[in-house]
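Structure record follows, encoded as structure tokens.
Order of listing sets the numbers, starting from 1, for every ligand and every atom in it. Numbers for residues simply follow the sequence, beginning at 1.
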Amino acid sequence: MDTPQELLAIARVLAVETAALIRDGRSGARVERSKSSDIDIVTQMDLAAESHLRSRLSQLRPHDAILGEEGEDTPGTSGVTWVLDPIDGTVNYLYGLPHYAVSVAAVTGDPTPRSWTVQAGAVADGSGTLWSACRGGGAWRGDEPLRRLDSPRLSSTLLATGFQYVAERRRRQGQIVAAMLEQVRDIRRLGAAAVDLCLVAAGELDAYYEHGLHPWDFAAGALIAQEAGLRVAGIDGGPADERLTIAAPPDLWPPLRDALVDAGARDTWDAPDA
Ligand code: IPD
């Protein structure tokens with residue numbers, strides 16, 4: 001079986017080369033189609049980036065499975081699944097905002113967030129920064145090790161979140177964020193879950209939560225946050241999943257989670273995304 005370090009080396013290479021591809025194609029980005037709603041867009045560069053990742057993996061790792069945002073699941077025989085977000089933060093990307101990233105993670109076990117073990121992950125963002133981590137081995141921004149040792153109080157927390165693309169879900173997310181706003185220092189909605197998690201790992205955001213993420217949005221970023229010393233979990237303290245992901249320093253996590261429950265976060269949907 002491959003070591004997390006071996007998988008990390010591949011994840012880094014793939015993330016960096018795909019980030020270069022999407023950076024070069026940014027000025028010509030155009031919407032190709034939409035998904036869960038009209039505003040949930042796919043650009044031709046999302047498709048080109050995923051196709052690049054898949055073709056590189058078929059050369060480098062022909063026996064591995066692939067779970068990608070923009071394509072069919074590819075089965076494998078090795079026990080490793082690559083979880084790919086070719087562009088996380090597609091709306092930012094389309095508008096020319098640098099808060100977007102390529103996210104590449106290698107997981108073992110059943111490739112669903114409640115069952116998988118993330119072995120390695122890399123997030124290459126639109127500002128040229130490579131974030132990465134491997135299981136049990138640490139997290140890095142470039143070559144700089146990341147370690148969060150601070151633990152702010154809830155009232156001084158700079159809290160990030162995000163919204164889904166379906167109007168009814170956004171309405172409920174808006175109610176929760178309104179209840180949280182008066183309890184924290186401030187709220188940020190930057191627009192790319194993978195980068196949000198990396199910024200929490202670096203302490204440039206204090207904490208993050210979001211309902212309704214897809215596996216590819218958080219597989220790599222959650223490992224980077226965890227390896228930097230954060231607690232990343234779902235509403236009941238089990239694995240983060242598509243219902244809710246909460247990332248915070250260990251002492252902040254329980255009061256943040258309690259505040260989210262009081263704000264109605266537990267009652268928000270179980271249903272999978274459209
Ligand atoms: C989205 C971004 C956004 C988050 C959404 C995600 P996409 O990913 O991560 O920040 O709020 O939930 O779907 O659509 O740009 O790949």
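- Between Arg266 and Asp236 there is a salt bridge, since at least one side-chain N of the basic residue sits less than 4.0 Å from a carboxylate O of the acidic one.
- Atoms of ligand 1 found under 4.0 Å from any heavy atom of Ala193, numbered from 1 in the order shown, are 2 (C), 9 (O), 10 (O).
- Below 4.0 Å from some heavy atom of Thr90 lie the following atoms of ligand 1, by number and element: 15 (O).
- For Ala192, every heavy-atom contact with ligand 1 shorter than 4.0 Å involves the backbone, none the side chain.
- Applying the 4.0 Å criterion to heavy atoms of Asp85 picks out, from ligand 1, the atoms 16 (O).
- Scanning the protein for heavy atoms near atom 15 (O) of ligand 1, the closest one is Gly89 N, 2.7 Å.
- Ring-plane geometry between His214 and Trp216 is classed as parallel, the angle between the planes falling under 30 degrees on a 0 to 90 degree scale with a further cut at 60.
- Salt-bridge annotation for Arg30 and Glu32: present, with a side-chain N of the basic residue lying under 4.0 Å from a carboxylate O of the acidic one.
- Taking distance alone, with nitrogen or oxygen atoms compared against 3.5 Å, Asp40 stays at or beyond that limit from ligand 1.
- For atom 9 (O) of ligand 1, the nearest non-hydrogen atom from the set Asp217, Ile39, Asp88 comes from Asp88.
- For the pair Glu227 and Arg135, the salt-bridge criterion is not met [side-chain N within less than 4.0 Å of a carboxylate O].
- Closest heavy-atom approach to atom 11 (O) of ligand 1 among the candidates His214, Arg169, Glu210: Glu210.
- Atom numbering of ligand 1 starts at 1 in the shown order; those under 4.0 Å from a heavy atom of Glu69 are 14 (O), 16 (O).
- Residue contacts with ligand 1, taken as heavy atom pairs separated by less than 4.0 Å, involve Tyr165 solely via side-chain atoms from C-beta onward.
- Per-residue contacts place Gly191 under 4.0 angstrom from the following atoms of ligand 1 (heavy atoms of the residue considered): 2 (C), 3 (C), 10 (O).
- The side-chain heavy atoms of His211 and Glu242, taken from C-beta on, include no pair separated by under 4.5 Å.
- Of the N or O atoms in Phe163, one or more lie within a sub-3.5 Å distance of an N or O in ligand 1.
- Close approach of ligand 1 to Gly162 (heavy-atom distance below 4.0 Å) involves ligand atoms 11 (O).
- Salt-bridge check for Glu69 with Lys35: passed, with a basic side-chain N closer than 4.0 Å to an acidic carboxylate O.
- One finds no salt bridge joining Arg243 and Glu210 here, because no Lys/Arg side-chain nitrogen approaches an Asp/Glu carboxylate oxygen to under 4.0 Å.
- Both tests hold for Arg12 against Trp140: distance to the six-membered ring centre under 6.0 Å, angle to the ring axis within 45°.
- At least one heavy atom of Ile87 lies less than 4.0 angstrom from ligand 1.
- In this structure the side chain of Arg26 reaches within 4.5 angstrom of the side chain of Tyr100, judged on heavy atoms.
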